[in-house]
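Both ligands and their constituent atoms are indexed starting at 1 by order of listing.
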Amino acid sequence: MKLAQRVGRISPSPTLRITAEAKAMAARGVDVIDFASGEPDLDTPLPVKDAGIAAIRSGFTKYTAAGGTDELKQAVLDKLKRDQGLSYDKSQVLISSGAKHSLYNLAQAFIEAGDEVIIPAPYWVSYPDQVLLNDGTPVIVQTEEATGFHLTGALLERHVTPRSKAVIVNSPGNPTGAAYDRKTLEGIAEVALRHGLLIISDEIYEKLLYDGLMHVSIASLGPEVQARTVVVNGVSKAYSMTGWRIGYAAGPKDLIAAMTTVQSQSTSNPTSISQKAAVAALNGGDAFIKELVTEFDRRRRYMVEGLNKIPGIRCAMPKGAFYAFPHVGQLLGRRAPDGPLASATALAGYLLKEARTALVPGEAFGAPEYLRFSYATGMQNIAAGLDRIDAAVRRLS
Ligand code: PMP
Ligand code: GLU
């Protein structure tokens with residue numbers, strides 16, 4: 001069948017694909033340890049579930065406004081005011097079926113052929129593909145581990161062209177756990193404003209920061225920056241609600257209106273039931289998040305320490321999110337029984353087969369000498385998985 005050309009430019013989300021493979025192996029009875037999943041393993045908080053059940057029981061099961069309910073928009077406005085000191089009007093908020101969906105609506109409403117979107121690497125897998133699906137050109141800017149995998153104003157400046165339309169900032173970041181400080185964000189904002197770029201700020205890991213670090217939203221740097229920024233966030237990570245599919249965007253009114261129109265002609269509203277649950281999550285206080293952060297912090301230290309004990313693996317301490325992102329360059333080229341491991345993808349394949357541990361190779365994130373390990377899994381799994389990997393690595397010649 002002759003498919004649309006745009007589909008040929010993209011590939012299935014590697015994070016979702018590898019996670020599905022690991023789950024399928026487990027369902028076949030294979031004892032596989034999943035370090036690939038990008039979702040918290042803790043259950044959704046009970047009051048949030050109860051709000052979903054109450055929505056079903058009370059018959060809140062019909063279409064809502066395409067861009068989301070007023071009640072949830074108000075909860076988002078209150079959250080942005082409370083946490084970031086940001087004021088928006090309801091007309092500046094869109095509720096979507098996940099942050100990924102908000103980002104996609106944004107790409108549809110804003111990007112056209114020839115437009116360049118500046119994406120710092122290592123990047124989350126969907127940024128370049130969403131740009132490509134909308135005929136835009138992703139401009140990948142390599143950032144360095146030695147400088148905390150940060151985009152800076154100077155680095156951004158070097159990649160701006162007359163076709164640049166937007167820059168993506170993801171702090172705390174997937175897959176590196178990088179967290180931008182205020183000064184770095186000010187540098188990026190200054191360059192973006194000077195060149196008239198839209199700043200796309202993906203803040204989905206906002207609540208997952210360690211060692212007392214505080215999240216800074218680039219939009220909070222001042223009214224001029226806020227006017228050129230779309231903040232994207234959601235309830236998936238902070239409230240362990242990945243399956244409920246609620247995310248949101250807040251930004252310039254005309255852009256949000258266009259994104260809402262796109263959504264009204266594609267998916268309509270996000271699930272009514274999930275919207276009620278998301279209101280309960282956002283208005284329910286931070287007790288669950290505190291529990292999540294404490295648990296993830298313990299696992300983060302344990303995993304990074306364990307990874308650093310494996311010969312050939314070097315892992316920096318991530319500042320946020322729930323991923324460890326070790327450098328494995330020294331293992332590339334080493335020999336497995338089936339031949340040399342020429343790439344991180346080959347190494348990940350070897351570890352899946354020989355150590356029965358699923359992880360995502362760095363190529364998926366534009367970082368071919370790295371592997372991504374999610375520590376959103378139990379301590380026992382982390383301990384067993386690291387032992388298996390250590391043994392498998394020691395078998396390489
Ligand atoms: N941004 C980043 C950086 C992510 O890791 C994810 C995880 N899927 C998302 C956005 C989208 O999350 P969701 O669609 O579940 O809200
Ligand atoms: N964001 C998560 C990850 O990076 C979930 C999967 C996805 O949507 O890509 O693994």
- Message: Before we go on, tell me: are the rings of Phe35 and Tyr323 under 6.0 Å apart, centre to centre?
- Response: no
- Message: Does only the side chain of Phe322 get under 4.0 Å from ligand 2, or the backbone, or both, or neither? Count heavy atoms.
- Response: neither
- Message: With heavy-atom distances below 4.0 Å as the criterion, list the atoms of ligand 2 near Gly38.
- Response: 2 (C), 3 (C), 5 (C), 10 (O)
- Any heavy atom of Asn174 under 4.0 Å from ligand 2? The part involved is side chain
- Message: Salt bridge or not between Glu39 and Lys23? Use side-chain N to carboxylate O under 4.0 Å.
- Response: yes
- Task: Give the minimum heavy-atom separation between Phe110 and Asp115, together with the two atoms involved.
- Result: O-OD2, 3.7 Å
- Query: Is the distance between the ring centroids of Phe296 and Phe322 less than 6.0 Å?
  - Reply: yes
- Of all the non-hydrogen atoms in the protein, which one sits nearest to atom 7 (C) of ligand 2, and at what distance? Thr15 OG1, 3.4 Å
- Query: Which one of Arg17, Lys237, Lys100 has a non-hydrogen atom at the shortest distance from atom 1 (N) of ligand 2?
  - Reply: Lys237
- May I have the step-by-step check of side chain to side chain donor-acceptor pair (under 3.5 Å) for Asp297 and Thr294, ending in yes or no? CA-CA 5 Å; Asp297 186 23; Thr294 306; over 6 Å; no
- Hey, is the main chain of Val262 close enough, under 3.5 Å, to the side chain of Gln108 for a donor-acceptor pair? no
- Message: Please determine whether a side-chain nitrogen of the Lys or Arg among Arg300 and Asp211 lies less than 4.0 Å from a carboxylate oxygen of the Asp or Glu.
- Response: yes
- Is the Tyr123-Phe365 ring centre distance short of 6.0 angstrom? no
- Query: For ligand 1, what is the set of protein residues having any non-hydrogen atom at a distance below 4.0 Å?
  - Reply: Gly98, Ala99, Lys100, Trp124, Tyr127, Asn170, Asn174, Asp202, Ile204, Tyr205, Ser236, Lys237, Arg245
- Query: Does an N or O from Trp124, backbone or side chain, lie closer than 3.5 Å to an N or O of ligand 2?
  - Reply: yes
- Whether Arg372 lies under 4.0 Å from ligand 2, heavy atom: yes
- Message: Checking Asn105 against Ser102: is there a side-chain donor and acceptor pair closer than 3.5 Å?
- Response: no
- Atom indices of ligand 2 within 4.0 angstrom of Ser13 heavy atoms, with elements: 9 (O)
- Message: Can you confirm if the NZ or CZ of Lys237 lies within 45° of the ring axis of Tyr205 and under 6.0 Å from the centre of its six-membered ring?
- Response: no
